[in-house]
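Worth knowing before you read on, the calculation uses all heavy atoms, side chains too, and leaves out hydrogens, waters and symmetry mates.
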Amino acid sequence: FDFVTGLYWFDEDGENDQRPTVFLGGLGTFNLSQQVESKAIFANLGYRLSERMRISGGLRFTQDDKDAAVNINDGLIDTGAQDDWSETSGEVALTYELTNGMNVYGAIQSGYQSGQFPARPYCLFGSLDFSQPGNVSQPNCFVASDPITAINYEFGFKGQAADNLLMSVALFYTNYSDLPYQVSTTSGAGFDTRNIIVDQNSWGAEWEGTWYAGGGFYLHSSLGYINADIDDPVAVAPLTPEIAAQLKLPKGTTGVVVQDVPPDGRAAGAGIQPGDVIQQVNRQPVKTNDELRAAVRSNPDKPTLLLVSRDG
């Protein structure tokens with residue numbers, strides 16, 4: 001047996017200060033600050049099944065806390081938010097040592113990344129209320145996204161392929177859930193930045209090598225290929241109280257909010273628009289991305305009946 005265990009702690013203070021910036025056709029100021037604290041405990045245990053074969057497994061528990069604040073136009077908007085997440089991730093791997101100095105291995109790994117606050121939350125102008133602290137009503141759109149989770153499957157070879165060559169070759173497939181694509185659009189009035197939440201499947205191959213040519217000369221090389229498929233024809237997000245307040249929806253409204261619609265897709269042809277709230281699919285309530293996808297895929301060969309709320 002062999003093992004590794006430990007504790008992890010990370011603390012960071014970051015700031016994005018733009019002076020001047022442009023919004024609504026004029027110059028202004030923008031300051032976004034964030035404090036991040038991340039703590040984790042991890043352990044990995046390995047066992048040799050034979051002289052050449054080793055199996056290992058590990059677990060990691062992570063706790064993340066984020067405090068963010070935004071100040072726009074020298075205090076015209078001055079607000080903040082806090083969120084925290086925790087997740088357990090793990091890995092199982094099997095390695096076999098070949099006779100020629102190479103190893104063949106396979107691994108299954110789960111991963112996690114904490115949620116993200118909006119990078120340019122100019123949507124707060126939609127919540128202006130000079131009777132409230134910071135001149136914005138609560139709740140509002142300055143809220144963090146859900147954490148990203150992923151499962152990765154990997155198979156490869158690595159080791160000393162020749163006396164003067166070290167190399168590794170890997171094939172991988174990764175499935176991401178709640179992956180935010182940060183999309184920014186610009187105009188004369190300024191920026192509009194938002195996170196589009198999607199699921200993504202990625203696969204590809206990687207090569208890394210070091211060749212010793214003699215005389216103290218080494219050649220390092222790397223090459224990779226990746227293909228990504230977005231497993232979500234319509235990008236949607238859960239309808240949180242903050243988003244519901246931003247869209248001025250009646251209290252108690254449930255569903256998922258459409259964030260982006262591919263122009264050539266079926267949803268666009270059916271008239272679905274960003275900002276629409278999908279409340280039911282085939283007369284069944286939906287409250288999460290997974291419920292929406294499952295309901296749509298349950299009858300792929302039949303028309304889909306949607307109950308959609310638009311403009312409140």
Side-chain angles (χ1 to χ4, degrees), residues 7-17 30-42 60-72 77-89 110-129 132-150 176-184 191-200 232 235-249 251-260 277 287-291:
L7 301 174
Y8 169 87
W9 179 77
F10 174 81
D11 185 80
E12 180 186 61
D13 289 304
E15 184 179 33
N16 175 16
D17 191 74
F30 176 86
N31 181 276
L32 178 69
S33 60
Q34 180 174 266
Q35 181 179 17
V36 179
E37 184 180 45
S38 180
K39 297 171 287 186
I41 181 171
F42 59 89
R60 176 188 175 107
F61 176 79
T62 305
Q63 170 73 47
D64 291 316
D65 296 275
K66 290 186 178 181
D67 286 279
V70 61
N71 187 304
I72 302 174
I77 289 178
D78 187 5
T79 189
Q82 183 276 336
D83 211 336
D84 59 83
W85 306 266
S86 61
E87 185 75 20
T88 300
S89 54
S110 64
Y112 148 84
Q113 180 179 315
S114 59
Q116 303 175 12
F117 283 97
R120 295 187 180 92
Y122 288 117
C123 53
L124 288 169
F125 278 92
S127 301
L128 270 176
D129 186 344
Q132 298 297 318
N135 298 330
V136 291
S137 59
Q138 299 288 342
N140 52 58
C141 66
F142 192 54
V143 60
S145 62
D146 289 334
I148 306 167
T149 56
Y176 296 93
S177 298
D178 295 322
L179 182 66
Y181 273 61
Q182 193 174 95
V183 178
S184 297
F191 287 98
D192 175 29
T193 301
R194 54 197 171 115
N195 286 331
I196 297 174
I197 308 300
V198 302
D199 286 350
Q200 176 178 300
D232 197 346
V236 299
L239 184 61
T240 63
E242 293 80 4
I243 296 177
Q246 179 189 355
L247 297 175
K248 297 181 173 58
L249 296 173
K251 187 176 180 179
T253 301
T254 60
V256 293
V257 60
V258 178
Q259 296 188 305
D260 188 61
V277 177
K287 297 181 181 180
T288 67
N289 303 15
D290 291 339
E291 289 179 356

Problem - Residues forming a side-chain contact (heavy atoms from CB on, under 4.5 Å) with Asp11, sequence neighbours excluded - result: Trp9, Asp13, Gln35, Glu37
Problem - Test side-chain contact (heavy atoms from CB on, under 4.5 Å) applied to Asp78 - qualifying residues, sequence neighbours left out - result: Asn71
Exercise for the section: Could you tell me whether the side chain of Val36 reaches within less than 4.5 Å of the side chain of Gln34, counting heavy atoms only? Expected result: yes
Separation between [atom1] of [X] and [atom2] of [Y], rounded to the nearest 0.5 Å:
{"X": "Arg120", "Y": "Asn16", "atom1": "CZ", "atom2": "CG", "answer": "7.0 Å"}
{"X": "Tyr176", "Y": "Ile148", "atom1": "OH", "atom2": "CD1", "answer": "9.0 Å"}
{"X": "Leu128", "Y": "Ile72", "atom1": "CG", "atom2": "CD1", "answer": "9.0 Å"}
{"X": "Glu87", "Y": "Phe61", "atom1": "CD", "atom2": "CZ", "answer": "9.0 Å"}

Practice task
Write down the atom of Leu124, the atom of Phe142, and the distance for their closest heavy-atom approach.
Solution key: CD2-CB, 4.0 Å
Exercise for the section: Identify the heavy atoms of Pro118 and Leu32 that sit nearest to each other, and give their distance. Expected result: O-CD2, 3.9 Å
Practice task
Taking side-chain hydrogen bond (donor to acceptor under 3.5 Å, both in side chains) as the test, write out the residues that go with Ser177, two or more places apart.
Solution key: none
Handout entry: Partners meeting side-chain hydrogen bond (donor to acceptor under 3.5 Å, both in side chains) with Glu15 (sequence neighbours left out)
Key = Asn31
Listing, residues 62-69 side-chain donor-acceptor contacts under 3.5 Å, not counting sequence neighbours, or none:
residue, atom, partner, partner atom, Å
Thr62, OG1, Arg60, NE, 3.1
Gln63, NE2, Trp85, O, 3.3
Asp64, OD1, Ser38, OG, 2.6
Asp64, OD2, Tyr112, OH, 2.7
Lys66, NZ, Ser114, OG, 3.3
Lys66, NZ, Gly115, O, 2.7

Handout entry: For Asp129, all residues meeting salt bridge (Lys or Arg N to Asp or Glu O under 4.0 Å), sequence neighbours excluded
Key = none
